[in-house]
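Just so we're clear, the structure is a prediction, and the values are computed from it rather than from any experiment. Throughout, residue positions are numbered sequentially from 1 according to the sequence presented.
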Amino acid sequence: MKPAGTSRGRRVRALAIALAVLVAAPTLLAPAVARAAEELKITLVAPLSGRWARQGQLKKMGAEMAIAEIEAQGGIKALGGGKIVLREADAGDSVEKAVSAAQRALSREKISAGIGSWLSSFTLGVTEVAERLQVPWFTLSYADSITERGFKYTFQSSPVSSLQAEQALDLILDLAKRNNQQIRKAALVGDNTAAIVFFFKPLREKLLKAKGIEIVVDEVWTPPLADATAIIQKLRSTQPDIVFYGATNFPDSIQVLQKVKEFGLRTPIMGVGAWLLTPEYVKTVGKELLDNVMSVTAAHPLKGQEDFVKRFTQRTGEPFMTQDPLMTYAHVWIIKEAAELAKSTDPKAIRDAVTKLDLRSGPAASALTPGRIRYDERGRRVGATPIIVQWQGGEPFTVVPAELATRKPVWAGGK
């Protein structure tokens with residue numbers, strides 16, 4: 001046998017190397033192959049039927065607008081220009097239906113992230129499903145309890161109800177003082193949905209008492225409200241200086257407002273949430289009754305967002321923009337930015353990317369005050385503060401915070 005270092009052995013090795021180079025050459029010489037575009041599927045679980053359907057429809061408009069803008073800008077670049085695909089699921093009019101909708105949506109196909117489901121009571125149930133299936137979930141719902149359970153996949157973009165109650169009370173007292181009015185008596189009137197419960201709780205238990213304000217009416221009901229007459233009679237007989245009002249579904253809230261009009265009640269009203277700010281109220285009760293009614297909400301168009309709002313109204317035909325489409329628009333953009341960072345459609349990778357986000361510019365940050373998107377360890381958006389909106393001339397305008405307000409607040413009604 002000849003040793004390996006012979007001339008024949010060297011020729012064999014050289015041939016083998018040459019063949020290997022020829023085999024590898026097409027790969028080495030070819031340009032880098034672009035990543036195939038990968039779709040990112042998200043689900044919106046919101047009431048699309050029943051008494052909260054209007055809010056679900058508005059949320060859908062915001063999501064679709066964001067998706068169209070992202071697509072127009074080339075999609076998700078880290079996914080090869082992949083598109084966002086929206087899967088809607090109807091939360092209906094009960095917690096059970098909302099939970100079933102989430103389970104169906106998250107079980108049928110791979111969903112990278114979810115949004116919803118408007119009513120805090122629904123969101124509490126839906127986020128249980130998302131947490132179990134490890135899908136990041138974004139919500140505008142207010143209830144403190146949503147982010148008090150130690151969940152890792154829930155992200156709450158609104159200021160929680162207890163914070164909104166404290167700041168809304170301070171605003172009312174300041175407004176009254178500047179208009180030479182005193183608030184000594186208050187009424188709490190609302191349903192028992194989770195966000196309203198968490199808003200009223202600190203008012204009832206400590207905030208009003210600490211300000212020396214007596215609660216003269218405390219009326220809570222389970223939707224739907226059968227008859228608002230007795231509630232309004234109590235308001236008329238006790239004459240509170242302010243009514244904190246939280247009727248989350250349209251038929252209930254209209255019934256109360258119509259009774260207010262019928263009985264000629266002029267007590268200032270501070271609502272809780274964006275349910276009181278949809279265009280249907282003007283059509284139903286008229287701008288005269290609505291004018292000067294205020295509501296504390298998590299988001300509403302701000303000074304400097306005029307072009308953005310114009311794009312929305314032109315696209316949808318809506319007369320103005322409210323919290324529901326605005327917040328959902330921001331959520332879609334947050335998911336997009338997380339996918340860019342994660343370079344993946346995997347739900348866990350996107351969840352981990354969300355915890356690292358600190359957006360201070362771009363569509364998501366610009367949509368929400370104070371212009372920053374970052375979530376703390378509980379999943380609450382850092383710096384989220386409530387906005388006070390007031391009906392003026394048949395349209396709701398931001399009146400607080402002052403630096404971003406589109407109108408000045410007006411005190412009206414009372415004694």
Side-chain angles (χ1 to χ4, degrees), residues 38-46 59-60 62-63 66-67 70 75-76 78-79 82-89 91 98-99 101-118 120 122-143 145-158 160 298-299 327-359 362-365 367-368 372-382 384:
E38 193 174 358
E39 287 184 342
L40 186 141
K41 295 173 183 171
I42 63 174
T43 187
L44 171 65
V45 178
K59 286 174 68 67
K60 183 182 170 188
I67 290 170
I70 291 167
I76 303 171
L79 300 180
K83 297 179 180 179
I84 295 179
V85 177
L86 181 66
R87 301 293 195 218
E88 304 154 20
V99 169
Q103 286 174 333
R104 287 195 302 275
L106 297 182
S107 302
R108 284 177 180 166
E109 58 185 327
K110 180 184 175 184
I111 296 293
S112 299
I115 302 170
S117 54
W118 193 71
S120 289
F122 293 2
T123 304
L124 284 164
V126 166
T127 47
E128 294 269 358
V129 178
E131 185 74 12
R132 176 164 46 82
L133 298 177
Q134 296 189 323
V135 176
W137 202 268
F138 297 83
T139 181
L140 60 73
S141 298
Y142 298 172
S145 54
I146 291 171
T147 40
E148 287 179 340
R149 298 170 293 177
F151 284 6
K152 302 298 183 187
Y153 284 80
T154 299
F155 298 96
Q156 187 175 30
S157 298
S158 302
V160 296
M327 189 71 88
T328 312
Y329 172 90
H331 281 155
V332 172
W333 272 101
I334 293 168
I335 294 169
K336 186 263 186 188
E337 295 301 335
E340 296 281 14
L341 183 62
K343 298 179 174 58
S344 170
T345 61
D346 178 66
K348 184 177 185 307
I350 290 177
R351 178 264 169 202
D352 291 345
V354 173
T355 65
K356 297 172 185 172
L357 287 180
D358 190 2
L359 304 176
L368 306 179
R372 182 184 183 189
I373 304 294
R374 181 168 176 77
Y375 295 94
D376 66 16
E377 66 281 358
R378 289 185 295 183
R380 292 180 177 175
R381 187 164 64 88
V382 174

Check: R372 and V382 side chains under 4.5 Å, non-hydrogen atoms | yes
Taking only residues two or more places apart in sequence, or in another chain, which ones meet D352 in a salt bridge (Lys or Arg N to Asp or Glu O under 4.0 Å)?
-> K348
For W118, enumerate each residue passing the side chain to side chain donor-acceptor pair (under 3.5 Å) test, keeping only those at least two apart in sequence or located in another chain.
-> D324
Just how far is it from atom CG of D376 to atom OG1 of T355, taken to the nearest 0.5 Å?
-> 11.5 Å
For E377, all residues meeting side chain to side chain donor-acceptor pair (under 3.5 Å), sequence neighbours excluded = none
Return the set of residues passing side chain to side chain contact (heavy atoms under 4.5 Å, CB included) with L341 (not counting sequence neighbours), or none when no residue passes.
-> A353, K356, L357
For T345, all residues meeting side chain to side chain contact (heavy atoms under 4.5 Å, CB included), sequence neighbours excluded = E38, L40, L79, K110, S112
Approximate separation, where rounding is to 0.5 Å, of I67 CD1 and L86 CG = 4.5 Å
Is any side-chain heavy atom of I70 closer than 4.5 Å to a side-chain heavy atom of V332?
-> yes
Could you pull out all residues at least two apart from T147 that satisfy side chain to side chain donor-acceptor pair (under 3.5 Å)?
-> Q156, R380
For F122, what residues pass the ring-ring contact (aromatic ring centres under 6.0 Å, His included) criterion, not counting sequence neighbours?
-> W52
Rounded to the nearest 0.5 angstrom, the OG1-OH distance for T123 and Y142 is 11.5 Å
Side chain to side chain donor-acceptor pair (under 3.5 Å) involving Q103 - partner list, sequence neighbours excluded = none
With sequence neighbours excluded, tell me which residues meet salt bridge (Lys or Arg N to Asp or Glu O under 4.0 Å) with R108.
-> none
For Y375, all residues meeting ring-ring contact (aromatic ring centres under 6.0 Å, His included), sequence neighbours excluded | F155
Can you find a pair of side-chain heavy atoms, one from Q134 and one from P347, that are under 4.5 Å apart?
-> no
Write out all pairs satisfying salt bridge (Lys or Arg N to Asp or Glu O under 4.0 Å) with one or both partners inside residues 327-344, taking only residues at least two apart or from two chains.
-> K336-E340
Can you tell me which residue pairs pass the salt bridge (Lys or Arg N to Asp or Glu O under 4.0 Å) test with a partner in residues 126-141, sequence neighbours excluded?
-> E128-R149
